[in-house]
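What follows is a short report on a single structure.
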Amino acid sequence: RPAMKKMARDLGLKDDVMFTGKVASRDMLAKIYLRSSALLFPSYYDTSGLVSKEAAACGCPTVFAKGASIAAGITEKNGFLTENSAQALAAVVERIIQNPAEARAVGEAARNTIYLSWEDAVNAAYERYLYLIELKKSQTAEKAESFGG
């Protein structure tokens with residue numbers, strides 16, 4: 001963190017970059033997303049990042065690494081896809097800064113396609129459980145029939 005703060009100062013970005021540390025308050029986190037132009041999340045290793053969903057809930061677009069599992073289902077309409085290199089990330093950040101209307105449109109599309117309300121998530125889980133219960137019942141019945149029962 002000290003090296004990153006020094007770099008921000010050296011590049012004349014001290015007033016444009018915020019180093020928040022851990023943010024535990026959901027209200028504060030929402031405020032940060034609402035003020036942000038984008039979330040940079042170029043991870044190849046995260047499989048289902050809650051942060052990208054939180055950002056989407058606030059209309060904040062996310063920058064994803066092309067080919068990452070977390071980027072499955074992301075298009076140029078609801079996120080920014082880029083190669084995972086410093087140059088590629090810099091280019092997409094410049095694009096976002098130079099085209100705020102595009103970034104807002106992508107963020108709104110993210111809100112409509114990535115974010116899932118708790119009610120919708122619970123309903124989807126409920127439907128999935130019902131399906132799995134019925135599948136298990138049918139497999140059990142088939143197994144019983146194969147043994148003459």
Side-chain angles (χ1 to χ4, degrees), residues 1-140:
R1 180 188 245 177
M4 295 301 293
K5 285 184 172 184
K6 181 182 181 321
M7 183 188 299
R9 273 193 314 272
D10 292 348
L11 293 171
L13 299 173
K14 185 179 140 234
D15 295 332
D16 299 313
V17 177
M18 186 183 342
F19 295 91
T20 63
K22 180 180 178 180
V23 179
S25 165
R26 294 177 81 186
D27 185 50
M28 178 58 72
L29 187 59
K31 289 176 182 176
I32 291 169
Y33 284 130
L34 288 166
R35 286 198 63 198
S36 298
S37 299
L39 168 68
L40 297 179
F41 196 65
S43 173
Y44 281 118
Y45 306 107
D46 289 278
T47 56
S48 180
L50 180 59
V51 293
S52 62
K53 290 171 180 57
E54 291 171 336
C58 295
C60 178
T62 298
V63 177
F64 297 94
K66 286 181 184 175
S69 58
I70 192 169
I74 300 301
T75 67
E76 285 294 326
K77 294 195 184 303
N78 65 356
F80 292 94
L81 295 165
T82 186
E83 298 301 323
N84 198 3
S85 71
Q87 296 81 8
L89 287 168
V92 77
V93 168
E94 284 182 23
R95 176 179 164 193
I96 290 165
I97 291 169
Q98 293 171 358
N99 300 289
E102 177 190 13
R104 282 191 298 276
V106 170
E108 191 56 37
R111 183 192 326 256
N112 295 327
T113 61
I114 297 172
Y115 170 69
L116 188 63
S117 71
W118 277 113
E119 182 178 340
D120 290 342
V122 168
N123 286 335
Y126 177 76
E127 292 299 322
R128 181 70 178 158
Y129 283 126
L130 289 179
Y131 167 78
L132 293 172
I133 290 167
E134 290 305 315
L135 181 64
K136 183 66 175 175
K137 283 181 184 177
S138 68
Q139 289 173 345
T140 303

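Keep in mind that what you see is a predicted model, and the values were worked out from it rather than measured. Note that these values count all heavy atoms, side chains included, but never hydrogens, waters or copies made by symmetry.
Distance check, rounded to the nearest 0.5 Å: CG of Leu39 to CZ of Phe80 gives 12.0 Å. Between Asn112 atom CG and Asn78 atom CG the span is 10.0 Å, to the nearest 0.5 Å. The NZ atom of Lys6 sits 9.5 Å away from the CG atom of Leu11 when rounded to the nearest 0.5 Å. Taking OG of Ser69 as the reference point, atom OH of Tyr44 lies at 11.0 Å (rounded to 0.5 Å). Taken to the nearest 0.5 Å, the CG atom of Leu34 stands 9.5 Å off from the CG atom of Leu29. Distance check: Lys53 NZ to Ile70 CD1 gives 6.0 Å after rounding to the nearest 0.5 Å.
Contact of the Met4 side chain with the Arg1 side chain is not registered, since no non-hydrogen atoms from C-beta on lie closer than 4.5 Å. When side chains are defined from C-beta on, Glu54 counts as touching Val51, because their heavy atoms get closer than 4.5 Å. At a threshold of 4.5 Å between non-hydrogen side-chain atoms, the residues Ser138 and Glu134 do not count as touching.
Between Ala110 and Ala56, the closest heavy-atom pair is O-CB, 3.6 Å. Heavy atoms only, all atoms of each residue included: Ile32 and Ser36 are closest at O-OG, 2.7 Å. Shortest non-hydrogen contact noted between Ala71 and Ala65 is CB-O, 3.6 Å. Of all heavy-atom pairs spanning Ile96 and Ala38, the tightest one is CD1-CB, 3.6 Å. Nearest approach of Ala103 to Ser37, heavy atoms of both residues: CB-O, 4.1 Å.
A donor-acceptor contact shorter than 3.5 Å links the side chain of Arg111 to the backbone of Ala57.
No more than 12 heavy atoms of other residues, nucleotides or ligands lie within 6.0 Å of CD in Glu119, so this atom counts as exposed by the packing criterion. Phe19 CZ: more than 12 foreign heavy atoms inside a 6.0 Å radius.
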Practice problem: Take Val63 and Val93 through the test side chain to side chain contact (heavy atoms under 4.5 Å, CB included) and record every step on the way to the result. | Solution: CA-CA 9 Å; Val63 177; Val93 168; 5.8 Å; no

Exercise. Give the C-alpha distance, both sets of side-chain angles, the deciding distance and a yes or no for salt bridge (Lys or Arg N to Asp or Glu O under 4.0 Å) between Glu102 and Arg95.
Key: CA-CA 9 Å; Glu102 177 190 13; Arg95 176 179 164 193; 2.4 Å; yes

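Applying side chain to side chain contact (heavy atoms under 4.5 Å, CB included) to Phe64 and the options Thr82, Leu81, Leu40, Val92 leaves one that passes, Leu81.
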